[in-house]
Amino acid sequence: MKPEAAGGPYVLVVDGGAAEGKVQAQDVMLGDVWFASGQSNMEFPLKGFDGEPLRNAAAQIAAATDPHVRLLRIEHKSSSIPLRDIDANWTTTTPATAIDFSAIGYFFAREIAAREHVTVGVIDSTWGGTPADSWVSTDAFATDATLAPAIDARARFQQDQTDADLATVAEAPEDAAILASGGKPPPHPWHPPEDAHRPSSLYNAMVAPFTSYGIKSVIHTPEYVQSLHCDIGGS
């Protein structure tokens, strides 16, 4: 489709002919799309994390109704190969859709939409506690020698993961016994998810589907700069 001036709402009609019929999409807006990604500081939602609330969260969530801000939240997912599509849909901004959305992404979109008088869509593709290596494409690893240390880091992680798996197995019965006696299990060291720490795994599932998608630009956090510059031209 050719670029059009910002505006809407429109009805998009796809006509597949007599055999397929027509499909309509209601409330279609034309505007700017931003890609927001990174670790926990970008993932941090309007409702906050456990023990880490957002200031005035209840009021911000209650006021989160804006037809000129559209949200697309990508669930945590990894893949060994680049994917072409996602299992998610755009939504309008309501308290129900904004509560789990990136707070930075939402506030950014709200401000830009009000300032520029265009509808702004923001894609929340985030996963806290993940390394930048997971967000870099295999093509980037193959063409940029400065990324080679990531492979060494992966080898060390694999060794550490073996110990973490053994620790998790040992912790489970100990915690169960403490709970059975009415006690509270002690906190355990964080064991990061293995699938989110494979080089390129998050790029393949959470970035690759958007590399041919038309976006205005990127909102990223510092640890994510290398990935975006290598793979989708972050600014």
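Side chains included, hydrogens not; waters and symmetry mates left out as well; all remaining heavy atoms used.
- The shortest heavy-atom contact between Leu30 and Ala5 is CD1-O, 3.5 Å.
- Lys77 and Ala205 make their closest contact through O-CB, 3.3 Å (heavy atoms, listed as atom of the first residue, atom of the second, distance).
- One finds the OG1 atom of Thr146 at 10.0 Å from the CZ atom of Phe141 (value rounded to the nearest 0.5 Å).
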Under 3.5 Å, which donor-acceptor pairs do the side chains of residues 45-66 form with other protein atoms, sequence neighbours left out?
residue	atom	partner	partner atom	Å
Lys47	NZ	Asp100	OD1	2.6
Gln60	OE1	Arg110	NH1	3.3
Asp66	OD1	His68	N	2.9

Requested in this report: Report the C-alpha distance between Lys216 and Val33 in whole Å, list the side-chain angles of each, state the deciding distance to 0.1 Å, and finish with yes or no for side chain to side chain contact (heavy atoms under 4.5 Å, CB included).
Outcome: CA-CA 5 Å; Lys216 180 72 172 180; Val33 175; 5.8 Å; no
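- Looking only at side-chain heavy atoms (C-beta outward), Glu43 and Ser102 stay at 4.5 Å or farther from each other.
- For the atom pair OG (Ser78) and CG (Asn204), the distance works out to 9.0 Å, reported to the nearest 0.5 Å.
- With contacts defined as side-chain heavy-atom distances shorter than 4.5 Å, the pair Val122/Phe35 does not qualify.
- Here Glu75 pairs with Arg73 in a salt bridge; the nearest charged N to carboxylate O distance falls below 4.0 Å.
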Requested in this report: Please step through side chain to side chain contact (heavy atoms under 4.5 Å, CB included) for the pair Leu71 and Trp90, ending with a clear verdict.
Outcome: CA-CA 6 Å; Leu71 309 176; Trp90 285 102; 5.5 Å; no
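- In Asp15, the CG atom is crowded: over 12 heavy atoms of neighbouring residues, nucleotides or ligands sit closer than 6.0 Å.
- The closest side-chain heavy-atom distance from Tyr106 to Thr93 is below 4.5 Å.
- The CD1 atom of Ile123 lies 7.0 Å from the CD1 atom of Ile215; values are rounded to the nearest 0.5 Å.
- Taking the side chain as every heavy atom from C-beta outward, Ser125 and Met206 approach each other to under 4.5 Å.
- For residues 16-31, the set of pairs meeting the side-chain hydrogen bond (donor to acceptor under 3.5 Å, both in side chains) definition, not counting sequence neighbours, comprises Gln24-Gln26, Asp27-Arg70.
- Hydrophobic cluster membership differs between Tyr213 and Met29, with clusters built from Ile, Leu, Val, Met, Phe, Trp and Tyr side chains linked at under 4.5 angstrom.
- For Glu116, there are no side chain to side chain donor-acceptor pair (under 3.5 Å) partners at least two apart in sequence or on another chain.
- Sorted by first and then second residue, the salt bridge (Lys or Arg N to Asp or Glu O under 4.0 Å) pairs involving residues 198-215 (not counting sequence neighbours) are Glu194-Arg198.
- Grouping Ile, Leu, Val, Met, Phe, Trp and Tyr by side-chain contacts under 4.5 Å, direct or through others, puts Val11 with Val13.
- Heavy atoms only, all atoms of each residue included: Ala6 and Val118 are closest at CB-CG1, 3.7 Å.
- The side-chain heavy atoms of Phe210 and Leu72, taken from C-beta on, include a pair separated by under 4.5 Å.
- Here the shortest heavy-atom pairing between Ile74 and Ala88 reads CD1-CB, 4.2 Å.
- Under a 3.5 Å cut-off, the side chain of Thr94 and the backbone N or O of Thr97 do form a donor-acceptor pair.
- Every residue two or more places apart in sequence or in another chain that forms a side chain to side chain contact (heavy atoms under 4.5 Å, CB included) with Ile81 is listed here: Ser79, Leu83.
- When only modelled atom types and interatomic distance are considered, Thr126 and Asp124 share a side-chain donor-acceptor pair under 3.5 Å.
- Across all non-hydrogen atoms, the minimal contact from Val136 to Ser200 is O-OG, 2.6 Å.
- Ring geometry for Phe108 versus Trp34: interplanar angle over 60°, hence perpendicular rather than tilted (30 to 60°).
- Proximity of a side-chain donor or acceptor of Thr119 to a complementary backbone N or O of Val69 within less than 3.5 Å is not detected.
- The shortest heavy-atom contact between Ile178 and Pro185 is CG2-N, 3.8 Å.
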